[in-house]
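A quick write-up on the structure given underneath.
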Amino acid sequence: MKFVNKIEWVQVYLALEAAERRIPLNGSEEVRIGARSFCMTRTPDGIFALGPKCPHQGFRLAGGKCEDGMLVCPLHRFAFDVKTGKGHGMHLDTFPVEIREDGVYVGVEKTVWEW
């Protein structure tokens, strides 16, 4: 027996078109699925999922704008790379996103027992 990290895919939008309607280009919105929240953002490079709060002071990132691939916190303008989460000497969690025929999914790492 051992612990193994696996990706659990969570559907956040029923279709790509729904995501595009809800998230303005270079904008963001918060999505809550069960006990988890994500800050979803959309740039010309695609849709990205990040942690919902700025690590600087915990302010919600939803409503923040993207500038040059960086999500900018609406409170103090700290900026984080939407692909890596890096910015201002701090780090924001990032999650993989998959676009499928039946919707948009975010991957969440989960530790499980494996026999």
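Because the structure is predicted, anything quoted here is derived from the model rather than measured. The basis for the numbers below is simple: all heavy atoms, side chains too, and nothing from hydrogens, waters or symmetry mates.
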Next on the checklist: Show the nearest heavy-atom pair for residues Cys66 and Gly27, with the distance to one decimal.
Outcome noted: SG-O, 4.5 Å
Next on the checklist: I want to check something: taking the side chain as every heavy atom from C-beta on, are Cys39 and Glu30 in contact at a cut-off of under 4.5 Å?
Outcome noted: no
Next on the checklist: Nearest 0.5 Å, please: how far is CD in Glu8 from CZ in Arg36?
Outcome noted: 9.0 Å
Item to check | ILVMFWY cluster, Met40 and Ile99 together (side-chain gap under 4.5 Å) | outcome: yes
Next on the checklist: As an exercise, state the distance from CZ of Arg100 to CD of Gln11, rounded to the nearest 0.5 Å.
Outcome noted: 8.5 Å
Item to check | Atom of Ala62, atom of Pro74 and distance for their closest heavy-atom approach | outcome: O-CG, 4.2 Å
Checklist entry - So if you build clusters from Ile, Leu, Val, Met, Phe, Trp, Tyr with side-chain heavy-atom gaps below 4.5 Å, do Val97 and Leu50 land together? => result no
Checklist entry - Does atom CZ of Arg77 have more than 12 heavy-atom neighbours, drawn from other residues, nucleotides or ligands, at distances under 6.0 Å? => result no
Checklist entry - When rounded to the nearest 0.5 angstrom, what distance separates CD in Glu29 from OH in Tyr13? => result 3.5 Å
Next on the checklist: Just so I know, are the side chains of Val4 and Thr111 near enough to count as touching, which here means a heavy-atom distance under 4.5 Å?
Outcome noted: no
Next on the checklist: With a sphere of 6.0 Å drawn around CG of Asn5, does it hold more than 12 non-hydrogen atoms of other residues, nucleotides or ligands?
Outcome noted: yes
Let me check something: any side-chain donor-acceptor pairs from residues 84-94 under 3.5 Å, sequence neighbours excluded? List them with distances.
residue : atom : partner : partner atom : Å
Thr84   : OG1  : Lys86   : N            : 3.2
His88   : NE2  : Ala79   : N            : 3.2
His91   : NE2  : Thr84   : O            : 3.1

Checklist outcome for this item: Asp102 meets the side-chain hydrogen bond (donor to acceptor under 3.5 Å, both in side chains) criterion, sequence neighbours left out, with Tyr105
Checklist entry - Which distance, rounded to the nearest 0.5 Å, do you find between the OG of Ser28 and the CZ of Phe38? => result 15.0 Å
Checklist entry - Out of curiosity, does Ile23 fall in the hydrophobic cluster containing Val31 (side-chain heavy atoms, cut-off under 4.5 Å, transitive links)? => result yes
Item to check | Residue pair Ile47 / Thr41, side-chain heavy-atom distance below 4.5 Å | outcome: no
Checklist outcome for this item: Contacts of Lys65 meeting salt bridge (charged side-chain N to carboxylate O under 4.0 Å, His left out) (sequence neighbours excluded), chain-then-number -> none
Checklist entry - Is there a side-chain contact between Glu98 and Val104 (heavy atoms, below 4.5 Å)? => result no
Checklist outcome for this item: Output for pair (Leu16 CG, Arg21 CZ), nearest 0.5 Å, gives 10.0 Å
Item to check | Met70 reachable from Leu61 in the ILVMFWY side-chain graph, under 4.5 Å edges | outcome: no
Checklist entry - Do Glu109 and Lys6 sit within salt-bridge range, that is, some charged N less than 4.0 Å from a carboxylate O? => result no
Checklist entry - When the ring planes of Phe80 and Phe78 are compared, do they come out parallel, tilted or perpendicular, using 30° and 60° as the limits? => result parallel
Item to check | Nearest heavy atoms of Leu25 and Thr43, plus distance in Å | outcome: CD1-C, 3.6 Å
Next on the checklist: Taking the side chain as everything from C-beta on, heavy atoms only, tell me whether Phe48 gets closer than 4.5 Å to Lys83.
Outcome noted: yes
Checklist entry - Val108 versus Ile7: any side-chain heavy-atom pair under 4.5 Å? => result no
Checklist entry - Is the shortest heavy-atom distance from the side chain of Cys54 to the side chain of Leu75 under 4.5 Å? => result no
